[in-house]
Protein chains: 4
Amino acid sequence: MARGINKVILVGNLGNDPETKYTQGGMAITSVSLATTTVRKGRDGGEATEKTEWHRVKFFGKLGEIAGEYLRKGSQVYVEGRISYDEFTGQDGVKKFFTDIIADEMQMLGGRGEGGGGGGARAERSGGGDRPARQAPPQRQDAGAPRRESAAPASRDFGDDFADDDIPF
Amino acid sequence: MARGINKVILVGNLGNDPETKYTQGGMAITSVSLATTTVRKGRDGGEATEKTEWHRVKFFGKLGEIAGEYLRKGSQVYVEGRISYDEFTGQDGVKKFFTDIIADEMQMLGGRGEGGGGGGARAERSGGGDRPARQAPPQRQDAGAPRRESAAPASRDFGDDFADDDIPF
Amino acid sequence: MARGINKVILVGNLGNDPETKYTQGGMAITSVSLATTTVRKGRDGGEATEKTEWHRVKFFGKLGEIAGEYLRKGSQVYVEGRISYDEFTGQDGVKKFFTDIIADEMQMLGGRGEGGGGGGARAERSGGGDRPARQAPPQRQDAGAPRRESAAPASRDFGDDFADDDIPF
Amino acid sequence: MARGINKVILVGNLGNDPETKYTQGGMAITSVSLATTTVRKGRDGGEATEKTEWHRVKFFGKLGEIAGEYLRKGSQVYVEGRISYDEFTGQDGVKKFFTDIIADEMQMLGGRGEGGGGGGARAERSGGGDRPARQAPPQRQDAGAPRRESAAPASRDFGDDFADDDIPF
DNA sequence: TTTT
DNA sequence: TTTT
């Protein structure tokens, strides 16, 4: 029986345009880099300091399509999801660790047509049936932009032939 | 100006007894491994599957003392905090990435004297003044138990001579 | 287009056994009184004080069945949901206001066979299809126990013949 | 010993300008009406419906000053806090119930000079010492604008002579 | 490594 | 009305 709660709530801005890929089955997987800048009170009366964390957020299925379509670099967004830790062993035999936020819910903030997005989209991950009829099948997902900081290794880069069943979470 | 929310809420069980260390200034830093097992609905009507995530949770100051004193292997606990990503370059020149949950609040669950703890402690991170009068100054923090998966490298192992100012978050 | 987040997270204990009713369509609606006792730091260095809030939590559909079956007076539980405010005008013409927590997710805490329940049930509100085949159709829901503080007026008391369509949220 | 978690997270828009009052001790209390519009999936394949909830949110101390200064009608805001239920007996002997969200944290969303505010303020409730040196002591807080929906009765209207110690939460 |  |  399951035991536990693993919940993440983020409000931040995208550092780049989202990247959307599709599984063999046609399910969208959209990844974004989300910055959350928060203030920490100084210790011992010291001054407050800022710290920015960059989260790798992944949206699946219908939510992935919406995120890919409406989010843009700079977009402010509310994300709710869970933390997923994964490890991969590279071809050099070195283990690598990745932390992703798997989004269940997303809402654009700020409204009033910021960026190309348009304001106020809200979406929840479809409860099941995440398999659209391969709408807008991607011709060639070249990724192009190099992954940022703590980026996924090639071996993890979901390719065009990626099968749904391989998804490790 | 700060922008963003970075909030984590966990309910899970400790995989091991907590480990407490102290900074030079006498501030407690307690680390625990927290398992959250959650259920994912299967895609395409497939059966539900469980996934367990192991979180590295850190408690500082007064909260660190309480966590070190009351939590035990197996304890069920509610934790609220934020995600902190750090990278370190090992002596071999290889970069390593770490994800920690920095706890702001903790509450023991279940009660009725589970483990040595006793039930129902609740604590929030002291807003300031995290510097107890070096109560129970650690003679020798040997750590003993090897760090787990994605464990901190030696260079990050807070030693007895660790200074508060070096804390990277 | 929807705008907004309305999220509640509670950890507390039931003050009474749950009450389950069924709509005409056979959907379970389980209500519980959940106490959350939290500490407030005193102002001006005053001592900390406790405050207990009693939440009216409602579980619908499959989640309502699980809550009705496994929760008991005294059970410790994690609840996630949203706040719902409603007003009703009594037959005396007086308006009355009610605040409910509509649960999306519930998890029993503490485990190890507390109460009649058994430990560690976890459930999410079924995404759709909240209409079981009238399993265990209630013979006679007498309610018995008088509703507590800020309790629902007779006109709101879901009777056996209550229709799903009347649910005001 | 305290037991329980009582946490609320809201993202919504203000229905009116905030109202700020001050206690005898000079502590600011700012109240806002916050609308959260969320979508509910239809039962039985029915279409989705929206529901808007209006939350009474209260900010105290330094956070109350910031909220009063920067928030405006229409502002989009993130609020974190807890639910507080109170009852008052009016002079007519009728009991009235109120539900407030007591904010611990607030962050303006959307940024870029929406309203008079300016973008991106973030604030947490000061851990203690909520007693500014009576900055901008209110000459006469006339309230003026009638309280909205499920509004507070006169007996609860914090007047100029209101003492901190009377605060019921 | 926990828990059910 | 719970719990510690």
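A note on names: the letters A, B, ... follow the listed sequences, proteins ahead of strands, and every chain is numbered from 1.
Residues passing the side-chain hydrogen bond (donor to acceptor under 3.5 Å, both in side chains) test with B/Lys73, sequence neighbours excluded: none.
For the pair C/Glu19 CD and F/dT2 P, the interatomic distance rounds to 15 Å; values are reported in whole Å. Atoms CD (C/Glu50) and P (F/dT3) sit 14 Å apart, rounded to a whole Å. The nearest whole Å value for the distance from the CG atom in B/Leu34 to the C1' atom in E/dT1 is 11 Å. Separating the NZ atom of B/Lys51 from the C1' atom of E/dT2 is a distance of 16 Å, rounded to the nearest angstrom. In this structure, B/Leu14 atom CG and E/dT4 atom P are separated by 14 Å, rounded to whole Å. If you measure from atom CD1 of B/Ile66 to atom P of F/dT4, you get 18 Å, rounded to the nearest angstrom. Going from atom NE2 of C/His55 over to atom C1' of F/dT3 covers 13 Å, rounded to whole Å. One interatomic measurement links the two molecules: CG of B/Leu109 to C1' of F/dT3, which rounds to 12 Å at whole-angstrom precision.
The C/Trp54 side chain lies nearest to F/dT1 when the options are E/dT1, E/dT2, F/dT1. In this structure, the nucleotide among F/dT1, F/dT2, E/dT1 sitting nearest to the side chain of B/Lys73 is E/dT1. Of the candidate nucleotides E/dT3, F/dT3, F/dT2, F/dT3 has the atom nearest to the side chain of D/Arg3. Counting only heavy atoms from C-beta on, B/Thr52 has its side chain closest to E/dT2 among E/dT2, E/dT1, F/dT2.
Side-chain atoms of B/Asp92 come within 3.5 Å of backbone N or O of B/Val94 as a donor-acceptor pair. Checked by atom type and distance alone, the side chain of C/Gln76 pairs as donor or acceptor with a backbone atom of B/Gly110 at under 3.5 Å.
Counting heavy atoms from C-beta outward, C/Glu53 and D/Ile83 have side chains that stay 4.5 Å or more apart.
With hydrogens and angles ignored, no donor-acceptor pair closer than 3.5 Å exists between the side chain of B/Asn13 and the base of E/dT3.
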